[in-house]
Protein chains: 2
Amino acid sequence: MSSLLPPCPEPEEKIGEPQQLIQLGAAGDEPCLRADAARNRARLLDAAARLIAEHGAAGVTMEAVAAAANVGKGTVFRRFGDRTGLLMALLDHAEQKMQAAFLGGPPPLGPGAPPVERLRAFGIALLRRLAGELDLQLAAEAAADRRYAVPARRVQHSHVVLLLRQTLPHADHELLAHTLMGYLNPVLVHHLTRQCGVPMARLENGWNDLVDRITAA
Amino acid sequence: MSSLLPPCPEPEEKIGEPQQLIQLGAAGDEPCLRADAARNRARLLDAAARLIAEHGAAGVTMEAVAAAANVGKGTVFRRFGDRTGLLMALLDHAEQKMQAAFLGGPPPLGPGAPPVERLRAFGIALLRRLAGELDLQLAAEAAADRRYAVPARRVQHSHVVLLLRQTLPHADHELLAHTLMGYLNPVLVHHLTRQCGVPMARLENGWNDLVDRITAA
DNA sequence: AACTTAAGCGGACCTAGGTCCGGATCGTAA
DNA sequence: TTACGATCCGGACCTAGGTCCGCTTAAGTT
């Protein structure tokens with residue numbers, strides 16, 4: 001069975017942010033904003049971060065962000081598309097740093113280590129990052145029908161597919177990657193850690209165990 | 001490592017529907033509605049089903065359902081709590097039928113077959129059911145912070161934990177069950193089948209393969 | 001420097017989910 | 001049958017995300 005999915009017909013038109021360091025084939029044309037637009041964008045991100053730090057991601061409205069940034073509401077939506085877009089933009093820094101780490105950084109996360117070890121390191125790194133961003137990650141969840149089209153997620157998914165392919169020659173890497181990524185779902189992590197009191201250490205052990213089971217010959 | 005999670009502090013107060021055949025320990029006290037309330041409930045479910053069949057789940061507003069049922073908007077929310085509650089009520093029949101099948105029906109779904117076979121049958125059955133309900137399942141997705149508290153999901157999860165426990169004596173059944181359930185996530189199924197064109201047969205093979213890997217000694 | 005135009009701005013406006021509370025109704029007890 | 005209280009009804013109302021469109025302005029062009 002092949003592991004190549006017809007690569008998911010590109011979601012028609014990307015609204016809002018260009019946003020990703022690695023576009024995996026998609027055009028990486030940063031539109032280069034007009035001076036005033038760039039200024040307002042920065043103001044908005046700053047205002048959003050401040051408000052969220054103060055009231056929590058769930059307690060901040062788009063109108064409040066606009067007001068705090070001294071900007072019209074329409075400007076927020078023009079720049080970021082929708083609420084999810086704004087929140088994902090706030091997560092973008094950490095995302096790009098992590099992408100750089102697992103695409104080109106030092107082992108065991110980056111190239112150089114055996115694929116299974118990279119897989120382990122990837123999950124642990126993502127779990128730890130998620131744990132520190134849970135509020136935002138939860139609030140930034142995309143609508144159900146776009147969730148798997150979020151660029152950051154696609155990059156992570158592709159990375160896992162790659163590592164699996166180097167480990168298991170004959171398997172449905174796409175589906176196995178979805179399974180692995182499912183374990184790293186922010187909503188699940190939130191549920192387990194915050195609502196069930198599961199300690200992070202157990203989640204991390206769970207990940208390593210899962211990788212072992214899935215990559216066992 | 002124990003597989004017993006502190007069973008997730010019951011979400012404070014259950015709004016709306018009592019809804020589940022098996023409450024897994026929670027009180028199963030059907031409140032027995034007043035005559036007019038029961039009549040309106042039936043009208044609402046009927047109207048909702050009709051409208052959704054005609055316009056798709058995403059194209060139906062709560063107000064439209066209320067109007068089609070000749071009932072006030074407040075009545076809808078009183079009875080079902082919120083939009084998600086109404087949609088989940090529409091899915092309840094199928095859910096109860098399936099619960100009955102895997103809790104007490106004939107093998108391989110019900111008791112009698114070896115646990116691994118029951119696990120396989122469970123996933124296949126759920127996948128097929130989801131495939132026929134994708135619109136509704138997608139629209140009925142609960143808010144992120146309640147998603148794992150939905151009664152139907154908890155019952156399914158517990159069932160998987162049970163089967164895993166009978167198969168793997170020493171494993172973190174809770175976490176493995178979450179992984180398996182993640183594969184059966186309606187949003188993922190929608191993404192793969194509708195957006196990527198993956199045929200159901202491949203998803204089913206993927207499930208069996210996943211069960212094998214996870215339950216391998 | 002004057003002109004042009006694509007990009008951006010802002011806030012009025014729309015929609016749809018969710019809340020509230022005064023009044024109507026059901027079920028029961030006397 | 002009547003009286004009464006708990007339950008329910010309905011639609012006005014609130015909120016917050018998202019859209020629209022006439023006006024403004026940055027940034028090239030001659």
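On a predicted model such as this, the values are computed, not experimentally measured, just so you know.
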Exercise for the section: Give a yes or no on whether the backbone of A:Ala149 and the side-chain of A:Arg154 come within a donor-acceptor separation of less than 3.5 Å. Expected result: no
Handout entry: Qualifying residue, where the test is side-chain contact (heavy atoms from CB on, under 4.5 Å) with A:Leu175 and the options are B:Leu188, B:Leu192, B:Asn205, B:Leu210
Key = B:Leu192
Problem - A:His191 and B:Tyr148 aromatic ring geometry - parallel, tilted or perpendicular at 30°/60° bounds - result: parallel
Handout entry: B:Gln96 side chain to B:Asp92 side chain, donor-acceptor N/O pair below 3.5 angstrom
Key = yes
Handout entry: Interatomic distance, A:Leu33 CG vs D:dT25 C1' [rounded to whole Å]
Key = 15 Å
Practice task
Indicate whether any N or O donor in one side chain lies under 3.5 Å from an N or O acceptor in the other, for B:His190 and B:Gln137.
Solution key: no
Handout entry: Pairwise distance CG(A:Asp145) to CD(B:Glu141) - rounded to 0.5 angstrom
Key = 10.0 Å
Handout entry: Under-4.0 Å salt bridge between B:Arg146 and B:Asp82
Key = yes
Exercise for the section: Starting from the 5' end of DNA chain D, give me the residue, B:Ala38 or B:Glu63, whose nearest nucleotide shows up first. Expected result: B:Ala38
Problem - Within 45° cone of B:Phe102 ring axis and under 6.0 Å: B:Arg118 NZ or CZ - result: no
Problem - Residue-phosphate contact under 4.0 Å: B:Asn40 side-chain N/O, D:dC8 OP1/OP2 - result: no
Fill in the blank from the handout: note: B:Phe77, atom CZ; D:dG11, atom P; distance rounded to Å ~ 15 Å
Completion exercise
Applying the Watson-Crick and G-U criteria (both distances under 3.5 angstrom) with [ ] for crossing and | for other-strand pairs, one obtains for DNA chain C ||||||||||||||||||||||||||||||
Practice task
With heavy atoms under 4.0 Å as the rule, sort A:Arg34 into base, sugar-phosphate or nothing.
Solution key: base
Handout entry: From CZ (A:Arg129) to CE (A:Met98), nearest 0.5 Å
Key = 6.0 Å
Practice task
State whether A:Arg50 and A:Glu54 are salt-bridged, where the test is any N-O pair (Lys NZ or Arg NE/NH1/NH2 against Asp/Glu carboxylate O) under 4.0 Å.
Solution key: no
Problem - Atom-pair distance (CZ on A:Arg39; P on D:dT25), nearest Å - result: 11 Å
Practice task
Go through DNA chain C in 5' to 3' direction and return only the first and the last nucleotide with some atom under 4.0 Å of chain B's heavy atoms.
Solution key: C:dA16 to C:dG27
Exercise for the section: Check whether any side-chain N or O of A:Thr75 sits under 3.5 Å from a backbone N or O of A:Val71 as a donor-acceptor pair, and report yes or no. Expected result: no
Fill in the blank from the handout: The correct set of residues in residues 64-75 of chain B placing a heavy atom under 4.0 Å from DNA chain D is B:Val71, B:Gly72, B:Lys73, B:Gly74, B:Thr75
